[in-house]
Amino acid sequence: MTFQRFKDQIDDVMRDSLRKMGHKDQEYELLEPSKKEFGDITCNVAFLLGKKLNKSPYEIASTIVKNYLKDSIQKQQPRYIASVEAHPVGYINFTVDCIRLGGITLKTVLHDKNYGFVDIGKGKKVIVEHTSVNPNKALHVGHMRNVILGDTIARLLKLTNHSVVVLNYVDDSGLQIADILVAFLYAKIPEEPQSEFMKFDKYCGNEVYVKVNGLYKSDSSLLERRKLVLQALEIIDGSISAFASRITLKVLREQLKTCWRLRARYDLLNFESHLLFSRLWDQVFQMLAAKGTIEYRTSGKNIGCWVFTSDVESNEKVIVRSDGTATYIAKDITYAALKVGIVQDPFRYYIFSNQWDGTNLWATTIREDVAKITPIERSVDSYINGNISSRRHFYPADMAITLIDNRQDRLQRILGEIINKMEYRVHIYFPLSYGPVTLSSQTATQLGVSIEENKNSVSMSGRKGITVDADSVLNALHRKAKQEAKERNPTFSDDELAEIAEELAISAMRYNLIKYDIEKIMKFDIEDSLSLNGDSGPYIQYTHARLSRLIEKSGRSVLADQSSNDFMLEVADLLNQEIECGLLIQVSQFENIVRNAVENFDPKIIARYLHRLATIFNVYYEKIPIVKEQDRRIRDARITLVRVIKITLINGMRALGITPLERM
RNA sequence: GGGUCCAUAGUUCAGCUUGGAUAGAAUGGCUGCCUGCGGAGCAGCUGGUCGAGGGUUCGAGUCCCUCUGGACCCGCCA
């Protein structure tokens with residue numbers, strides 16, 4: 001902890017002073033001042049005491065400062081507080097000793113490549129479920145928000161020493177899948193897209209699904225077919241199931257390509273069909289019935305059903321229909337129960353694929369024996385090569401986080417209630433809800449969607465074809481970034497440019513999807529999203545490239561041995577410009593930023609921090625000579641500061657899944 | 001009908017958890033800054049009755065109430 005040392009010290013001297021004044025239990029807050037001239041940390045205690053003592057805040061503040069605080073501060077060793085002042089408004093403003101804080105910050109960062117990633121998790125196991133898109137369509141930008149938020153949170157948790165398992169739930173047995181199957185089997189819609197450039201996931205979602213939904217209106221026999229298909233999906237070894245498996249895996253592979261392209265990763269694919277075949281629900285049902293969590297209705301509206309009565313909702317929720325079949329929330333309960341260990345893991349696993357980061361992606365299977373894996377499952381992925389049927393330990397976890405669209409909040413609350421009644425550990429099941437993505441009116445108009453006069457955004461709808469798929473946005477970003485990179489680096493080969501462009505596209509997309517408040521609806525505008533300037537991922541990368549160039553040009557340091565303690569203070573002493581102090585303070589706050597982001601599951605905090613750090617550095621770069629500085633010692637001190645900023649920036653980028661570039 | 005959430009520069013958004021000093025970014029528009037460390041940058045100007053009204057408070061963008069406008073949720077569908 002670096003900046004925290006300063007804060008802790010203020011806490012100490014405040015406590016000490018208040019105790020001596022006879023206000024031992026007086027509360028107060030240590031806040032970040034709104035302006036730089038008000039110091040580095042400010043305390044509001046005089047306002048709070050003023051109320052009690054009926055005196056003016058300034059009077060109290062100056063008494064505390066003069067009579068108590070100054071003495072108390074003198075005794076601190078080492079002293080991080082440089083000065084303290086009672087402001088006429090009533091605040092007590094503390095200023096940090098930049099040399100002491102700078103010294104300890106430089107030392108900490110230079111000795112720890114993982115600077116900032118404090119051990120918050122202590123090995124605690126966390127399951128993060130994200131993506132979970134029906135395998136009948138291409139991912140649109142709304143899905144991408146789920147993917148990127150989930151992936152970033154998983155990264156943050158992993159970097160802070162949580163044991164993380166990332167799940168992707170594949171709903172391969174619902175109505176939407178049946179639609180696609182009906183289209184191919186009975187509606188004469190070809191199984192292969194007309195154009196070889198059309199991705200299969202997009203083909204299914206944008207053409208097949210839309211077409212078959214149109215056909216239902218004119219040909220009601222297709223609806224009958226769909227009913228039969230739905231039933232057939234529940235037969236383990238049926239031909240419909242096998243066909244369904246082939247189609248959904250084909251779509252899934254295309255979806256995963258998009259997710260992997262954005263540097264998301266998973267540990268396990270959980271297939272809904274396997275969950276159903278496992279009969280786990282029967283166990284869960286027995287437990288719920290035995291505990292009285294769900295009740296059988298013998299009269300009233302829901303006669304013949306098993307229902308759950310919420311403590312907070314007025315309407316009771318049907319869990320088992322009067323015909324004995326379970327409603328869809330049953331599988332959510334089952335899945336949640338599995339995640340938190342209420343029921344035993346029934347699955348076997350096989351390696352579905354290798355991923356971009358070198359890790360294996362596993363998938364569930366309900367087969368006990370390698371040989372029984374169907375040729376279809378096998379052929380779909382050549383990576384399998386017999387490595388099937390391992391027992392793995394994906395479940396249970398100390399905490400299960402699920403990324404969900406906030407339109408499902410109500411349902412998830414009920415689910416949470418049910419889990420809490422089965423499991424004594426609280427907050428173990430944690431739905432993390434985010435606002436859906438809507439399209440700006442401009443973007444909607446570009447898609448040919450007519451919008452009402454007073455509306456300035458449009459909800460996406462797969463059925464109506466109102467979507468912006470992730471691949472198209474990425475491709476557009478890639479093209480634009482490549483063009484710009486080429487203008488700046490005319491000598492680079494096409495491959496080099498493509499590589500850079502891809503990293504810029506990924507970073508622009510990822511940054512854009514996490515920078516907004518997680519719980520708020522996000523308006524997506526295709527033009528805005530293509531921006532590579534300002535508050536964006538590429539801006540961070542640009543700053544990193546600048547830092548790299550400076551280090552590259554710096555040569556050998558004339559300063560003392562960099563591992564010594566004296567070196568740190570020597571360097572901090574040379575960094576006596578105001579903006580250098582500001583940069584050191586920023587760097588020293590990174591640990592607190594990470595802690596904040598993890599505790600609130602809020603990646604936006606990291607993005608805002610990186611932007612601020614990069615901005616201050618870019619101002620520094622404009623104002624102060626670094627490599628050009630004539631005094632060798634000052635020059636080398638500045639290069640040391642540059643190195644420290646670079647490490648901090650890189651670590652923030654690691655958390656966000658943005659690649660630091662050397663050139664762009 | 002019941003419930004959840006939102007409203008802050010032309011636009012997109014921070015700030016609200018925990019009330020405090022002159023409400024911040026980005027973008028757009030206008031204007032400067034490269035023979036110099038990377039101009040995907042920096043500096044300046046422009047731009048706000050914090051939806052409206054009331055209340056609590058020494059003090060409200062922030063807390064409470066009412067109203068207006070908007071989004072979403074509430075099935076023996078998934």
Side-chain angles (χ1 to χ4, degrees), chain A residues 27 29 31 33-35 37-38 42 44 46-47 50-51 56-57 87-91 93 134 171 173-178 230 272 297 301-307 312-315 317-329 331-332 405-411 413 435-436 438 440 442 454-457 459 481 484-485 487-489 504 515-517 519-525 527-529 531-536 538-539 541-543 545-550 552-554 600 604 608 611-612 614-615 618-629 638 642 663-664:
Chain A
E27 295 192 352
E29 284 169 286
L31 309 158
S34 53
K35 297 263 178 207
E37 66 232 51
F38 301 139
T42 192
N44 65 348
F47 295 98
K51 248 182 235 182
S56 85
H87 190 273
V89 173
Y91 285 103
N93 295 336
N134 286 346
D171 178 0
S173 54
L175 203 61
Q176 298 199 37
I177 303 307
L230 264 177
E272 174 159 302
R297 285 278 173 267
K301 183 174 81 152
N302 294 322
I303 183 165
C305 300
W306 287 85
V307 301
V312 288
E313 297 278 324
S314 51
N315 291 338
K317 185 90 197 153
V318 173
I319 308 294
V320 178
R321 301 183 186 100
S322 53
D323 67 1
T325 57
T327 60
Y328 79 99
I329 197 178
K331 99 198 168 215
D332 283 350
D405 184 319
N406 70 14
R407 286 171 291 197
Q408 291 184 49
D409 279 354
R410 170 175 250 148
L411 207 67
R413 224 181 10 251
T438 62
S440 72
Q442 288 88 343
N454 56 347
K455 291 199 176 179
N456 63 358
S457 67
S459 297
E484 301 224 7
E487 283 166 19
R488 291 168 175 83
N489 304 285
L504 288 167
K515 74 186 228 187
Y516 301 106
D517 205 336
E519 67 205 20
K520 284 192 187 153
I521 295 171
M522 180 189 150
K523 206 171 290 180
F524 183 86
D525 185 274
E527 293 303 324
D528 288 355
S529 77
S531 166
L532 305 174
N533 313 322
D535 186 14
S536 70
Y539 176 80
Q541 286 170 308
Y542 175 75
T543 307
R546 254 187 176 171
L547 289 158
S548 290
R549 285 296 71 68
L550 290 169
E552 186 183 84
K553 292 188 176 177
S554 65
N600 294 301
K604 172 190 74 178
R608 296 188 73 81
H611 181 252
R612 193 163 65 243
T615 301
N618 281 322
V619 174
Y620 179 58
Y621 176 87
E622 294 286 335
K623 279 195 190 158
I624 310 284
I626 301 169
V627 174
K628 283 189 301 186
E629 169 60 42
R638 289 179 182 164
V642 164
R663 300 183 191 270
M664 56 187 267

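Excluded from the calculations below are hydrogen atoms, water molecules and symmetry mates; all remaining heavy atoms, backbone and side chain alike, are included. Just so it is clear, the model here is predicted, and its values are computed rather than measured. Residue numbers start from 1 in every chain, and the chains themselves are labelled A, B, ... in the order their sequence lines are given, proteins ahead of strands.
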Between [X] and [Y], what is the shortest heavy-atom contact and its length?
X      : Y      : result
A:P625 : A:R638 : O-NH1, 2.8 Å
A:M664 : A:P538 : CE-O, 3.7 Å
A:Y539 : A:A614 : CE2-CB, 3.6 Å
A:S457 : A:T438 : CB-OG1, 3.6 Å

Once you apply a heavy-atom cut-off of 4.0 Å, does [X] come out as touching a base, just sugar-phosphate, or nothing?
X      : answer
A:E37  : base
A:P625 : base
A:Y328 : base
A:I624 : base
A:R407 : sugar-phosphate
A:I303 : base
A:L411 : nothing
A:I521 : sugar-phosphate
A:V627 : base
A:R612 : nothing
A:D517 : sugar-phosphate
A:Y539 : sugar-phosphate

Just how far, in rounded Å, is [atom2] of [N] from [atom1] of [X]?
X      : N     : atom1 : atom2 : answer
A:Q442 : B:G10 : CD    : C1'   : 12 Å
A:N489 : B:G39 : CG    : P     : 13 Å
A:D405 : B:A71 : CG    : P     : 16 Å
A:L550 : B:G38 : CG    : P     : 6 Å
A:Y620 : B:A43 : OH    : P     : 16 Å
A:R321 : B:C77 : CZ    : P     : 5 Å
A:D171 : B:A78 : CG    : P     : 11 Å
A:K623 : B:G44 : NZ    : P     : 8 Å

When the [atom1] atoms of [N] and [M] are considered, how many whole Å apart are they?
N     : M     : atom1 : answer
B:A14 : B:G38 : C1'   : 29 Å
B:C64 : B:U57 : C1'   : 12 Å
B:A26 : B:A40 : C1'   : 14 Å
B:G10 : B:G2  : P     : 36 Å
B:A23 : B:C42 : P     : 24 Å
B:A7  : B:U12 : P     : 13 Å
B:C73 : B:U31 : P     : 47 Å
B:G15 : B:U8  : P     : 14 Å

Of the listed nucleotides ([options]), which one gets closest to any side-chain atom of [X]?
X      : options             : result
A:A485 : B:C76, B:A40, B:U12 : B:A40
A:M664 : B:A21, B:A43, B:G38 : B:G38
A:S459 : B:A21, B:G41, B:C72 : B:C72

> Ring of A:F38 versus six-membered ring of B:A21: centres under 5.5 Å and planes under 30°?
Replying inline: yes

>> For a quick check under 3.5 Å, do A:N618 and A:Y542 share a side-chain donor-acceptor pair by atom type?
In response: no

> Would you say the side-chain atoms of A:N456 and A:S440 include a donor-acceptor pair closer than 3.5 Å?
Replying inline: no

Do [X] and [Y] have side chains that get closer than 4.5 Å, going by heavy atoms?
X      : Y      : result
A:V307 : A:I319 : no
A:E272 : A:K331 : yes
A:N406 : A:P436 : yes
A:Y328 : A:L411 : yes

Could you write out each protein N or O paired with an N or O of nucleotides 2-9 of chain B at a distance under 3.5 Å?
{"residue": "B:G2", "atom": "N2", "partner": "A:R410", "partner atom": "NH1", "Å": "3.0"}
{"residue": "B:G2", "atom": "N2", "partner": "A:R410", "partner atom": "NH2", "Å": "3.2"}

> Hey, which of these two, A:E29 or A:A545, hits RNA chain B nearer its 5' end, going by closest nucleotide?
Replying inline: A:E29

> Taking for each residue the nucleotide of RNA chain B with the nearest heavy atom, is it A:K301 or A:F47 whose nucleotide lies nearer the 5' end?
Replying inline: A:F47

> What is the per-nucleotide protein-contact pattern of nucleotides 23-29 of chain B, from the 5' end, where B denotes a base atom under 4.0 Å from a protein heavy atom, S denotes such proximity for sugar-phosphate atoms only, and - denotes neither?
Replying inline: -SSSS--

Answer yes when [X] and [Y] have at least one side-chain N-carboxylate O distance shorter than 4.0 Å, and no when they do not.
X      : Y      : result
A:R321 : A:D323 : no
A:E552 : A:R663 : yes
A:K317 : A:E313 : no

> Rounded to the nearest 0.5 Å, how far apart are CG of A:D528 and OG of A:S536?
Replying inline: 12.0 Å

Is there a side-chain contact between [X] and the phosphate of [N], meaning an N or O under 4.0 Å from OP1 or OP2?
X      : N     : answer
A:K628 : B:G36 : no
A:T42  : B:A21 : no
A:N456 : B:U12 : yes
A:K604 : B:G15 : yes

> Quick one: stems for RNA chain B, with Watson-Crick or G-U pairs under 3.5 Å, at least three in a row?
Replying inline: B:1-7 with B:68-74, B:10-13 with B:24-27, B:28-33 with B:41-46, B:51-55 with B:63-67

> Any idea if B:C63 is syn or anti, going by the 90°-from-0 cut?
Replying inline: anti

>> Can you say whether a donor on the side chain of A:S322 sits under 3.5 Å from an acceptor on the base of B:C76, or the other way round?
In response: yes

> With under 30° as parallel and over 60° as perpendicular, where do the rings of A:F38 and A:H87 fit, or are they tilted in between?
Replying inline: perpendicular

